[in-house]
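Please read the structure below before turning to the comments.
Please read all numbers here as calculations on a predicted model, not as lab measurements.
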Amino acid sequence: MEIILNESISLGDLRKILYENASLAIADEARERIQKSYEFLKEFSSDKVIYGINTGFGPMAQWRIDDEYLNDLQYNIIRSHSTGAGEPLDDIFVKSAMIARVGTLVQGYSGIHISVVDLIVEFINRGIYPRIPRHGSVGASGDLVQLAHIALTLIGEGEVHYKGEWRKTSEVLKENSLEPIKMFIREGLCITNGTSVMSGIAAVNLIQTCNLLHYNIIASCMMNEIASSYNDFLSEELNNSKRHDGQIFVAQWMRDILNGSNCVRNRTHELYDGGHNDVREFDSKTKVQPYYSLRCVPQILGPIYEEVSNAIQVVEDEFASACDNPIVDFRTKNVYHGGNFHGDYISYEMDKLKIGVTKMTMLTERQLNYLCHDRINGILPPFVNMGRLGLNYGVQACQFTATSTTAECQTLSMPNSIHSIPNNNDNQDIVSMGTNSALLTNMVIENSFQVLAIHFMTIIQAIDCLKIQDKLSPVTAKIYSDLRELVPLFIEDTPKYKEIESIINYLKVR
């Protein structure tokens, strides 16, 4: 499978490259734009002062660089900015960041030589991942430090992760018959300047969040099957009256999942039809309405669905944007100096996304508590303990893990985009912290998978306890069956960390 990149790439196609081993290729039209931009800049810059081509960088831009040192200037920005610290980013983030960088370069606004794009594409397709330390970016001028670590490997220096091993870049290039890039005009500045690392991490976050949302919807459906809820909380009439697209969509999604279920009940049939509307005949043990964590799912997950949709649009737009500086426009025959490297679009969306994922995790934790708390649900033993009370403990300790992990999500959800700290001699006097926002969001997402895995393990125990396996909808029955293959019914107390990990892996691959 080959994805041909011209001007833009969808999150769906990006997922194919990241998770389904699709290869990346550059469209002929994109190659033509890159070449035209390079040729124009080569001519235009011959007798003009242009930032980063014949000047210093950042607050040192007032220094004109002699022609004999222009080549050194491009190497110097790469080497001087390769100063990251901390653990290296996961390969999936690095691969996504390189795709984002190619997405910027194919716009034809960078004045870069085509050989740079070709080598990045080779890295992507051959699984060569530059070592990018976690810390270093303030999010404007984009991801200078972390992109410099990519650039360092493109010039044949530094380290790469290749076939599961950290190796010298020079050795891996030689092994793959690849040549390091050369400096022509502004290759060093162009590669290091922009939002590609934060955008790459953000894209991975969104792919994972889509899975989280999908399975949270399913878990919520199974919860309402366990509780034998009345189904009118999902009715088209009720949800359409709120006029929010996300709520309406989630309610429809849940109706589709629950189609064919013999667990949820019809309020009109049971309480209003056939003479059953006499209050004297009402059974007080029957809950007229379940708790909010069951009944308000469309209202809680609806705005999260809308945020995910908006974030996808923003990230796809960023992948298809010229996010470096200056902008080299062969179309108007001019070079524009500005701040397209600023990462607030990504930073804001990642802050909103992690708040949404945390709220989703809180919903999961409350539903888990409903299952564990016998005095609340009224139908299950404490902690869904199917053994001997007092001797056995069911999922009691699993709930501890879910509760503490949810609390950590709440702490991590403080917006990071508002934590601007001036630096770079106050040249960068207000910055986005976009990469930090994206990385913290990923931590929240990973936590959420852990809580959801514990919740699903408890759900399938509750289904067995109530013996409603044959009453589930076809969709939820399939999930129950899949999870039971990973976690057999348990009565005796056994360690559960491996089962939790198995469910997490199941939830992450769909």
* Asked: Do Gln299 and Val250 touch side chain to side chain, with heavy atoms closer than 4.5 Å?
  -> no
* Donor-acceptor pair, side chain of Asp143 and main chain of Val197, under 3.5 angstrom -> yes
* Verdict with reasoning, Ile503 to Phe449, per side chain to side chain contact (heavy atoms under 4.5 Å, CB included) -> CA-CA 9 Å; Ile503 297 176; Phe449 274 114; over 6 Å; no
* Asked: Can a donor-acceptor pair be found between the side chains of Arg366 and Ser293 at a distance below 3.5 Å?
  -> no
* Salt-bridge present (Asp91, Lys95; N to O < 4.0 Å) -> no
* Provide the closest heavy-atom pair for Cys409 versus Ser413 in the form atom of the first, atom of the second, distance. => O-OG, 2.9 Å
* Taking all atoms of both residues into account, what is the closest heavy-atom pair of His149 and Thr83, and its distance? -> NE2-N, 3.4 Å
* Asked: Is the backbone N or O of Ala477 less than 3.5 Å from a side-chain atom of Ser481, with the two atoms forming a donor-acceptor pair by type?
  -> no
* Quick one: do the Glu365 and Asn369 side chains pair a donor with an acceptor below 3.5 Å? -> no
* Taking atom CD of Glu2 as the centre, report whether more than 12 heavy atoms of other residues, nucleotides or ligands fall under 6.0 Å from it. => yes
* Asked: Where the side chain of Asp493 meets the backbone of Tyr393, is there a donor-acceptor pair that is under 3.5 Å apart?
  -> yes
* Heavy atoms only: give me the nearest Leu380-Asp374 pair and the separation to one decimal. => O-CB, 3.2 Å
* Structure fact -> The reported gap from CD1 in Ile500 to CE in Met457 (rounded to nearest 0.5 angstrom) is 4.5 Å
* To do: Could you give me the CA-CA distance, side-chain angles and deciding distance for Ile463 and Met222, then say whether side chain to side chain contact (heavy atoms under 4.5 Å, CB included) is met?
  => CA-CA 9 Å; Ile463 289 171; Met222 297 174 84; 3.6 Å; yes
* **Point-to-point distance, once rounded to the nearest 0.5 Å, from CD of Glu499 to CD1 of Ile504** => 12.0 Å
* Quick one: do the Gln247 and Asn240 side chains pair a donor with an acceptor below 3.5 Å? -> no
* Would Tyr506 and Ile479 count as a side chain to side chain contact (heavy atoms under 4.5 Å, CB included) if you check the C-alpha gap in whole Å, the side-chain angles of each, and the deciding distance to 0.1 Å? -> CA-CA 10 Å; Tyr506 172 85; Ile479 299 297; 3.5 Å; yes
* To do: Establish, from distance only, whether the side-chain atoms of Thr195 and Glu318 form a donor-acceptor pair under 3.5 Å.
  => yes
* Distance-only side-chain donor-acceptor flag, Asn216 / Thr364, under 3.5 Å -> yes
* Whether Trp253 and Tyr305 hold their rings parallel, tilted or perpendicular, with breakpoints at 30° and 60° -> perpendicular
* Would you mind reporting whether Asn21 and Met1 have side-chain heavy atoms less than 4.5 Å apart? => no
* To do: State whether the side chain of Gln399 and the backbone N or O of Leu368 hold a donor-acceptor pair below 3.5 Å, judged by distance alone.
  => no
* Check against salt bridge (Lys or Arg N to Asp or Glu O under 4.0 Å), Glu20 and Lys16 -> CA-CA 5 Å; Glu20 299 176 23; Lys16 291 175 184 177; over 6 Å; no
* To do: Verify, without hydrogens or angle tests, whether Ser404 (side chain) and Thr401 (backbone) share a donor-acceptor contact under 3.5 angstrom.
  => yes
* Quick one: does Asp324's side chain have a donor or acceptor within less than 3.5 Å of a partner on Asn193's backbone? -> no
* To do: Compare every heavy atom of Leu294 with every heavy atom of Val297, then report the nearest pair and how far apart it is.
  => CG2-O, 3.5 Å
* How long is the span from the OG1 atom in Thr192 to the CD atom in Gln146, to the nearest 0.5 Å? -> 12.0 Å
* Asked: Any side-chain donor paired with an acceptor under 3.5 Å for Ser261 and Ser473?
  -> no
* Asked: Got a salt bridge between Asp464 and Lys467, using NZ or NE/NH1/NH2 to carboxylate O under 4.0 Å?
  -> no
* With a 3.5 Å cut-off and no angle check, do the side chains of Asn447 and Thr405 form a donor-acceptor pair? -> no
* Asked: Under a 4.5 Å cut-off applied to non-hydrogen side-chain atoms, are Leu353 and Met350 in contact?
  -> yes
* Given Phe341 and Leu144, is the side chain to side chain contact (heavy atoms under 4.5 Å, CB included) satisfied, shown in steps? -> CA-CA 9 Å; Phe341 49 65; Leu144 286 172; over 6 Å; no
* To do: Check the surroundings of atom NZ in Lys496: do more than 12 heavy atoms from other residues, nucleotides or ligands lie under 6.0 Å from it?
  => yes
* **Residue that, paired with Val160, satisfies side-chain contact (heavy atoms from CB on, under 4.5 Å) out of Val94, Ile150, Thr169, Leu152** => Thr169
* State whether the number of non-hydrogen atoms from other residues, nucleotides or ligands found under 6.0 Å of Phe383 atom CZ is greater than 12. => yes
* To do: For residues 298-313, pull every pair meeting salt bridge (charged side-chain N to carboxylate O under 4.0 Å, His left out), keeping only residues two or more places apart or in separate chains.
  => Glu307-Lys352
* Are the side chain of Asn239 and the backbone N or O of Phe233 linked by a donor-acceptor pair below 3.5 Å? -> yes
* To do: Report yes or no: is the cationic atom of Arg265 (NZ for Lys, CZ for Arg) closer than 6.0 Å to the six-membered ring centre of Tyr230, at no more than 45° off its axis?
  => yes
* **Evaluation steps, side chain to side chain donor-acceptor pair (under 3.5 Å), between Gln367 and Ser220** => CA-CA 8 Å; Gln367 291 179 353; Ser220 295; 3.0 Å; yes
* Report the relative orientation of the aromatic rings in Phe456 and Tyr215; use parallel for angles under 30°, tilted for 30 to 60°, perpendicular for over 60°. => perpendicular
* Structure fact -> Of Ile128, Leu24, Ile120, the one forming a side-chain contact (heavy atoms from CB on, under 4.5 Å) with Met98 is Ile120
* To do: May I ask you to decide if Ile460's main-chain N or O and Arg484's side chain share a donor-acceptor pair within less than 3.5 Å?
  => yes
* **For the student: nearest non-hydrogen atoms of Glu7 and Gln107, plus distance** => O-NE2, 2.8 Å
* Using distance alone, with no hydrogens and no angle criterion, decide if Ser347 and Ser437 have a side-chain donor and acceptor under 3.5 Å apart. => yes
* Structure fact -> Here the gap from Thr209 atom OG1 to Ile312 atom CD1, rounded to the nearest 0.5 Å, amounts to 9.0 Å
* Asked: When you measure from the side chain of Asn224 to the backbone N and O of Asn231, does any donor-acceptor pair fall under 3.5 Å?
  -> no
* Asked: When rounded to the nearest 0.5 angstrom, what is the spacing between SG in Cys372 and CG in Asn377?
  -> 9.0 Å
* Asked: Which pair of heavy atoms, one from Cys323 and one from Ser196, lies closest together, and at what distance?
  -> SG-OG, 4.3 Å
* Side-chain touch Leu213/Val357, heavy atoms, less than 4.5 angstrom -> no
* Looking only at atom types and distance, does a side-chain atom of Asn205 sit under 3.5 Å from a main-chain N or O of Ala438, one as donor and one as acceptor? -> yes
* Atom pair OG1 (Thr361) and CD (Gln450), whose distance is rounded to the nearest 0.5 Å -> 10.0 Å
* To do: Verify the distance criterion only: is there a donor paired with an acceptor across the side chains of Glu225 and Thr476 at less than 3.5 Å?
  => yes
* Carefully, step by step, assess Tyr129 and Phe123 under the rule ring pair (Phe, Tyr, Trp, His ring centres under 6.0 Å). => CA-CA 7 Å; Tyr129 305 114; Phe123 274 36; 9.1 Å; no
* Tyr292 OH: over 12 foreign heavy atoms closer than 6.0 Å -> no
